[in-house]
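Every chain is numbered from 1, with letters handed out A, B, ... down the list of sequences.
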Amino acid sequence: MLSSKASCNSHGQDSSYFLGWQLYENNPFHEVENPTGIIQMGLAENQLSFDLVESWLRKNPDVMELKKGGESVFRELAFFQDYHGLPTFKNELVEYMAKIRGNKVKFDPNNLVLAAGATSANETLIFCLADPGEAILLPTPYYPGFDRDLKWRTGVEIVPVHCWSSNGFRITMFALEEAYERAQKLNLKVKGVLITNPSNPLGTTMTKEELDHLITFAVAKNIHVISDEVFSGTVFDSPGFISILEAAMDRNLENTDVWSRIHIVYSLSKDLGLPGFRVGMIYSNNKTVVGASTKMSSFGLVSSQTQYLLTNVLASKRFTSKYMKENQKRLKKRKEMLVSGLKKSGIECLKSNAGLFCWVDMRHLLSSNTLEAETKLWNQMVCDVGLNISPGSSFHCSEPGWFRVCFANMSRGTLQVAMRRIKDFVERSNFMGRIKMNYQQNMSSLSRKLLSNWVRKLSSPDPNEHER
Amino acid sequence: MGLLSRRATCNTHGQDSSYFQGWQEYKKNPYNEVNNPNGIIQMGLAENQLCLDLLEPWLMKNPDALGLKRDGISIFKELALFQDYNGFPAFKRALVDFMGEIRGNKVSFDPNHVVLTAGATSANETLMFCLADQGDAFLLPTPYYPGFDRDLRWRTGVEIVPIHCTSSNGFKVTLPAIEQAYRQAQKRKLRVKGVLITNPSNPLGTTMARDELYLLINFIEDKQIHLISDEIYAGTVFTSPSFVSVMEVLKDRNLDQTQVWERVHIVYSLSKDLGLPGFRVGAIYSNDPVVVSAAIKMSSFGLVSSQTQYLLSAMLFDKKFTKEYMSENHKRLQKQQKDLVSGLEKAGIRCLDSNAGLFCWVDMRHLLKSNTFEAEMELWQKIVYHVKINISPGSSCHCIEPGWFRVCFANMLESTLKLAIQRLKSFVSSIAMKSQSHQELKSLRRKARNNWVSRLSLQSFYDREQDTTTEVSFSYRPHFMSLSNIAATLDAAA
């Protein structure tokens, strides 16, 4: 009766990543009204710098009121549905994107295609680059939403490129080749690799070496590279951010084939903290891709009201410089608070320099090195400890015990509560663990004694037997 | 196997059609009363620009709506973070109330059955993804909106099979036509998953009669398929008969608790009624919870900006305003439509009798050189390039009769409309004159030929007679002209 897409669950929303959200929504923490509720640490949102944006808006009321020089531009905006986007908006966006990359890369606004969020941008790119049944390689761990965004309606497959903690989850040539071979064995034609840089959920920026591997691989296999750079403005520490285009330029690849096979996805949801406004984009040097994705963007255009607002925000260069600097400072501080808080509980995080989350190592808290144990721990974290964190398995991580924990979507006070809860949990677990261990040790020592007594009794005559 | 996908490299996006080509020509040379008075007048864009002057004062009186404030307090942060695909609850409530109002409150809608999408374009595609698989088909009455070729087919892989409607009955949908289309789909080995109608119709500008809706409901009941009713023009019904939504008909027939109830879905948008296409506000309404659930997840690919949801929830909640707006909107649409219809009539061009929409379905069959689509294209090109008016040829709407054109009237000032009508009048007169001189030329040629033939036969008669009589008067001696002389004379007279 309905389509197979409507009746299957390739939307992936039965995954624990989304289930955790639902549990949180049923019992959300509130400092005053629900202090024992679940704290949302599974949502990668940037709520740390709103005051900066709000203050700018207060000083520039014309912008919200859809006025220019005191005159209303409401009419023009009400009719503006050109899928090429507001030209001034695209000009500002490319400048902002360049700024984030230290102006080492320049972008052409004619190569920019607007979309209703990175979700829409990613799906559109896949529609343009791959046919149903073809495949895209993705390094693990990766953002759970990709299972829906890249596969659901496109019919394209994801083949994971396995990365391991042994080298900090870095992408290796070996891992890429291995994934490619696996795809071939499954009779899947690989059309490209999709990376998230900075990485979600790792919170790390890719090294030059990794980017070079990817480019070399893409050249050798004649495939595309999609670089989802939505977190590029959240790099708060060294090493700095290197965009894939910068790496390609360093290798003088601008006039070669592979240049038109590298595509970037960006959005204002993470950097500026505006996910509700649905502003995403595709950047490509491939004219056909730009042409096709521009037409496809009809299915998810950005509201002209929003384009106008953000054109003006981004046009204020003083503001964007100040924002970027302050935002990065705050992210760094908040991350350090999380990392040190976890450390006090004996929990380590992967060393990170970007993003709105940490990749947390809880392997030592697992009862066994298994997926089941991770799920059990996750259940405890959500239901007993009251923290919605995201289990590594939902990110397709190959090693159990890693969790993504977000830090930028809450107040300091809430983060402190979260840290306390974890500490209590770990202490309880340790305590219980010690008791259990003692008990087990005692039990085993006691049973050993009893057993050896019994054996002795059996093996030698008891002088007091007639007295039982 | 190509480097890019088939979708990226094919042209199922349909944007090579004349519908879009006309737009491109207009963009190269757009009419402007002051700056470019000889430019192309855009009459191929179905937009409602007649009532913006009503929206602007409302915005000034309600600064909180644009300012993202509630009782004077900024809720910017709340909105900036709001990306819940279930939509802003207040907005959905206001939207269903507005939809109910448009239908004379004969139907009421449940906000939990609404899925918000970035425009009707997104809504229609999403519904296709939910209801049909690649290779399945939907039946669509012709003529239909050219954008459907892209919206319903491009990325979904779903096929459209036309239900051919003709001018013999005002392009109404008939049972034989639907059944013919169904058989056609079966011949092509396509599984039909549903019918999609646009009501009020684009490009006809007419509302569907109750009996048409009954027909469709019976058909989908019988075949166990879906019915999508794209009702984006529901608020543009400016005269009788009034709008009857498919939901109303289902209720009238007490079908609201039956299976077919769950197979009827509505698409709506604020682009046409409120004239806000730039804000990208569309919606799917369905009574099937599985469809609602799947569509909501899919709406992630095209959510409505929270900034816009907030603005419009405030506007639609102001019932006094929406009532006044709709009333004035209808009045202005009716006037502009009447101006177009009467203007065209003075030029000898008739329109299909219409009561809704932002356009008229215009009969220019009599202006075609021949009853063919080539002749329609030729006429269209003349109108775009020489008359400088972009209108949409019926073939781009898949009409099976050449000579019909969709002409929009709600996206321009009265003065521009007058100018367009004047241009068309002159064009039609020039055709008439050419046609008249062509007819005269034809008639002259016929006379000359007849004269020549009769002179030849007369001459031979005379020649024959000379032998028999001496009384022939030589006063009548026809002036014998060579054929080439005759032709040269006639050409000079043309």
In terms of heavy-atom proximity below 4.5 Å to chain A, should Q224(B) be classed as side chain, backbone, both, or neither?
-> both

Max heavy-atom pairs within cutoff under 4.5 Å with chain B, candidates R261(A), E123(A), Q47(A), goes to E123(A)

Would you call L129(A) and R7(B) a side-chain contact if the rule is heavy atoms closer than 4.5 Å?
-> no

Counting N and O atoms only, with roles assigned by atom type, does the side chain of D131(A) sit under 3.5 Å from a partner on the main chain of S5(B), one being a donor and the other an acceptor?
-> no

Give, for atom OG of S305(B) and atom CD of Q307(A), the distance between the pair rounded to the nearest 0.5 Å.
-> 10.0 Å

Rounded distance [0.5 Å steps], OG1 in T154(A) versus CZ in R155(B) = 10.0 Å

Heavy-atom pair count under 4.5 Å with chain A, highest-scoring of A295(B), A65(B), G119(B), G275(B) = G275(B)

For H224(A) and L3(B), indicate whether the former's side chain and the latter's backbone hold a donor-acceptor pair under 3.5 Å.
-> yes

If you count heavy-atom pairs under 4.5 Å with chain A, which of E56(B), M60(B), Q134(B) comes out on top?
-> E56(B)

Can you tell which part of K193(B) gets under 4.5 Å to a heavy atom of chain A, answering side chain, backbone, both or neither?
-> side chain

Can you check whether K69(B) reaches M64(A) side chain to side chain, under 4.5 Å on heavy atoms?
-> no

Proximity breakdown for D149(A) and chain B, heavy-atom pairs closer than 4.5 Å | both

With chain B, which of A292(A), P275(A), A116(A), A6(A) has the greatest number of heavy-atom pairs at distances under 4.5 Å?
-> P275(A)

Per-residue tally against chain A (heavy atom, under 4.5 Å) across D136(B), L311(B), T117(B) peaks at L311(B)

Should the ring pair F74(A) and F279(B) be called parallel, tilted or perpendicular, given that the plane angle runs from 0 to 90° and is split at 30 and 60?
-> perpendicular

Check whether any side-chain heavy atom of N409(A) sits under 4.5 Å from a side-chain heavy atom of L81(B), and report yes or no.
-> no

Heavy-atom distances under 4.5 Å only: say whether L59(B) touches chain A with side chain, backbone, both or neither.
-> side chain

Quick one: does R278(A)'s side chain get under 4.5 Å of R280(B)'s, heavy atoms only?
-> no

Picking from A123(B), S293(B), A8(B), which has the most non-hydrogen pairs under 4.5 angstrom with chain A?
-> A8(B)

Nearest 0.5 Å please: distance from the CD atom of Q305(A) over to the CG atom of L66(B).
-> 6.0 Å

Do L4(B) and K191(A) pass the side-chain contact (heavy atoms from CB on, under 4.5 Å) test, and can you show the C-alpha distance, the side-chain angles, and the key distance before you say yes or no?
-> CA-CA 8 Å; L4(B) 301 183; K191(A) 294 308 284 286; 5.9 Å; no

Can you check whether F79(A) reaches L276(B) side chain to side chain, under 4.5 Å on heavy atoms?
-> no

Residue D51(A) versus chain B: region with a heavy atom under 4.5 Å | neither

Under 4.5 Å heavy-atom distance to chain A, tell me which part of F82(B) shows up: side chain, backbone, both or neither.
-> backbone

Output the distance between atom CZ (F76(B)) and atom CZ (R58(A)), rounded to the nearest 0.5 Å.
-> 11.0 Å

Given the rule in the side-chain contact (heavy atoms from CB on, under 4.5 Å) test, do E262(B) and M1(A) qualify, once you have shown the distances and angles that lead to the verdict?
-> CA-CA 11 Å; E262(B) 289 191 350; M1(A) 190 54 45; over 6 Å; no

So CE of M296(A) and CD of E125(B): to nearest 0.5 Å the spacing works out to 8.5 Å

Is the CD atom of Q259(B) crowded by more than 12 outside heavy atoms at less than 6.0 Å?
-> no

Select one option (side chain, backbone, both, neither) describing which atoms of Y83(A) are under 4.5 Å from chain B's heavy atoms.
-> side chain

If we only count heavy atoms from C-beta on, is the S74(B) to E54(A) side-chain gap below 4.5 Å?
-> yes

Contact origin within F50(A) toward chain B - heavy atom pairs under 4.5 Å = side chain

Inter-residue atom distance S3(A).OG - L131(B).CG, 0.5 Å rounding = 7.0 Å

Of S306(B), A294(B), G302(B), C130(B), the largest count of non-hydrogen pairs under 4.5 angstrom with chain A goes to C130(B)

Sidechain-backbone polar pair: T121(B) side chain, S298(A) backbone, donor-acceptor under 3.5 Å = no

Contact part of I223(A) toward chain B, heavy-atom cut-off under 4.5 Å: side chain, backbone, both or neither?
-> neither

Pair count under 4.5 Å, heavy atoms only, with chain A: among V290(B), D151(B), V291(B), V158(B), highest is D151(B)

Pick one of side chain, backbone, both or neither for L272(A), based on which atoms fall under 4.5 Å of a heavy atom in chain B.
-> neither

Please indicate whether K68(A) has more than 12 foreign heavy atoms, meaning atoms of other residues, nucleotides or ligands, lying under 6.0 Å from its NZ.
-> no

Passes side-chain contact (heavy atoms from CB on, under 4.5 Å), R75(A) versus D53(B)? Steps please.
-> CA-CA 9 Å; R75(A) 266 175 213 245; D53(B) 60 311; 3.9 Å; yes

Taking side chain as C-beta onward, heavy atoms only, is T126(B) less than 4.5 Å from F299(A)?
-> no

